[in-house]
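Notes for the one structure printed next.
Order of the sequence lines sets the chain letters (A, B, ...), proteins ahead of strands, with each chain counted from 1.
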There are 2 protein chains.
Amino acid sequence: MSPEPNPARHDRDSVARSALALLDEVGLADLSMRRIAAGLDVQPSALYWHFANKQELLAELADRITATIPSEPTDVVATARGIRDALFTYRDGAELVLSTYALQLGSSQAQTALADALRAQGAADVEDRSAAILHFVLGHATLVQQRMHADSHGALPETDDVDVTAGLDRVFDLGVTALAGVISAPPTPPRARA
Amino acid sequence: MSPEPNPARHDRDSVARSALALLDEVGLADLSMRRIAAGLDVQPSALYWHFANKQELLAELADRITATIPSEPTDVVATARGIRDALFTYRDGAELVLSTYALQLGSSQAQTALADALRAQGAADVEDRSAAILHFVLGHATLVQQRMHADSHGALPETDDVDVTAGLDRVFDLGVTALAGVISAPPTPPRARA
DNA sequence: ACCTGAACACCGTTCAAGT
DNA sequence: ACCTGAACACCGTTCAAGT
C-alpha cells in the first residue's frame with residue numbers, strides 16, 4: 001500500500017515521446033513541464049536532467065514532427081502537401097514548428113525538399129521560391145489548425161459556408177501552384193486533425 | 001511619505017494603449033496581466049473590470065495593430081506591404097495577429113483590402129487568392145520578426161549571408177507577386193523592428 | 001464605475017541531496 | 001546516471017469588499 005518509489009528511468013527519447021503524445025492530447029498552450037513530468041510519474045525537476053529548458057524540449061518536438069516529411073523526389077505540390085500533412089500529424093504542430101523554426105530557416109529539411117522539387121521542374125529563383133513556399137505553408141497550416149481547434153470547441157462566429165475545409169484546401173493548392181510557377185495537379189484531401 | 005492611494009482610473013482604451021506599449025518593450029512572451037497592471041499602477045485584478053480575460057485583451061491589441069492597415073485602393077503588392085508593415089509596427093505583432101486571427105479570417109479588413117486590389121487588376125479567384133496572400137504574409141512576417149529578435153540577442157547560428165534582411169525582402173516580393181499573378185513593381189525597403 | 005486584498009491553482013527553473 | 005524535495009519567483013483568474 002505504501003507509495004513505492006518509482007523505478008522508472010527515462011532518457012531523452014522517452015521524455016520526448018511522452019511529451020509528443022501529451023501535446024496531441026492537450027495542445028501547446030497546456031503542455032507544461034509539470035504535466036509532462038506527471039505523465040512520466042516523475043518530479044518536474046527530473047526533466048532538467050534530459051533537457052536544459054522547455055525551449056530545448058519544444059525544439060526537439062519540432063524536429064521530430066518535421067523529421068516525418070517525405071524526402072523522396074516528387075513535384076512541388078506533393079512535397080508541399082507532405083510538409084503540411086507532417087505539421088497536421090500532431091495537434092498544434094504547425095504553430096510549434098513555426099515558433100521554433102526561425103533560428104534555422106535556411107537549413108531546414110523542408111526547404112531543401114522544396115528546392116529539389118523546384119530544380120527538378122526547372123524553376124527560377126529556387127532559393128527564394130522554396131523559402132516563400134515554406135512561409136506560406138507554415139502560415140496557412142497554423143491558421144487552419146487553429147480554426148479546426150476553435151471549431152471543435154464551438155467558439156467561433158456562425159458561418160454560412162458549406163464546407164470550410166474544402167475552401168481551405170483550394171487556397172492551399174492555389175497558393176502552392178502559384179508560388180511554384182507550375183500548372184496544378186489534381187488535389188488530394190489531407191488527413192487533418194484539430 | 002505614506003503610499004497614497006492611487007487616484008488613477010482607467011478605461012478600456014487606456015488599458016489597451018498601455019498594454020500595446022508594454023508589448024513593444026518586452027515582447028509577447030513577457031506580456032503578463034500582472035506586468036500590464038504594474039505599468040498602470042493598479043492591482044492585476046483591476047484589469048478584469050475592463051476585459052473578461054487575457055485572450056480578450058490580446059484580441060483588442062491585434063485589432064488595434066490591424067486597424068492601421070491602409071485601405072486606400074492601390075495595387076496588390078503595395079497592399080501586402082501595408083499589411084506587413086502594420087504587423088511590424090509592434091514587437092511580435094505578426095505572431096500576435098496570427099494567433100488571434102483564426103476566428104475571423106474571412107471577414108478581416110486585411111483580406112478585404114487585398115481582394116479589392118486583386119479585383120482592380122482583374123485577377124481570377126479573388127477570394128482564394130486574397131486568403132492565400134494573407135496566409136503568406138502572416139507566416140512570412142512572423143518568421144522574419146522572430147528572426148529579427150533572435151538576431152538582436154545573438155542567439156542564432158553563424159551565417160555567411162551578406163544581408164539576411166535583403167534576402168527576406170526578395171522572398172516577400174516574389175511571394176506576393178507570384179500569388180497575385182502579376183509582374184512585380186520595384187521593391188521598397190520596409191521599416192521593420194525586432 | 002472602478003479598484004483593492006486575499007486567495008486559489010497553477011507555472012519554469014535551480015540546486016542540494018539521495019540512489 | 002537519473003531522480004527527489006524543497007524552494008524561488010512568477011503566472012491567470014475569482015470574488016468579496018471598499019470608494
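Taking side-chain N and O atoms only, His50(A) has a distance below 4.0 Å to OP1 or OP2 of dC3(D).
Contacts of Ser18(A) classified as side chain to side chain contact (heavy atoms under 4.5 Å, CB included), with partners at least two apart in sequence or in another chain: Leu40(A). Among residues two or more places apart in sequence or in another chain, the salt bridge (Lys or Arg N to Asp or Glu O under 4.0 Å) test is passed with Asp125(B) by none. The side chain to side chain contact (heavy atoms under 4.5 Å, CB included) test applied to Ala110(A) returns Ile69(A), Ile83(A), Ser108(A), Leu134(A), not counting sequence neighbours. For Glu25(A), there are no salt bridge (Lys or Arg N to Asp or Glu O under 4.0 Å) partners, not counting sequence neighbours. Remark: Asp30(A) engages no residue in a side-chain hydrogen bond (donor to acceptor under 3.5 Å, both in side chains) (not counting sequence neighbours).
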Protein-to-nucleotide contact annotation, 5' to 3' order, nucleotides 12-19 of chain C [B base; S sugar-phosphate only; - none; under 4.0 Å, heavy atom]: BBBB----

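The list of salt bridge (charged side-chain N to carboxylate O under 4.0 Å, His left out) pairs with a residue in residues 132-142 of chain A, not counting sequence neighbours, is empty. Each salt bridge (charged side-chain N to carboxylate O under 4.0 Å, His left out) pair with one or both residues in residues 134-144 of chain A, not counting sequence neighbours, would appear here, but there are none.
Comparing dA9(C) with dC10(D), their P atoms are spaced 22 Å from each other, to the whole Å.
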Which dot-bracket string describes DNA chain C (Watson-Crick N1-N3 plus N6-O4 or O6-N4, or G-U N1-O2 and O6-N3, all under 3.5 Å; [ ] crossing; | other strand)? ||.|||||...|||||.||

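With Phe172(B) as the aromatic partner, Arg81(B) does not meet the cation-pi criteria of under 6.0 angstrom to the ring centre and within 45 degrees of the ring axis.
Nucleotide dC3(D) holds its P atom 8 Å from the CG atom of Leu40(A), rounded to whole Å. If you take CH2 of Trp49(B) and P of dC2(C), they are 7 Å apart, rounded to a whole angstrom. Between Asp30(B) atom CG and dC10(D) atom C1' the separation is 11 Å, expressed in whole Å.
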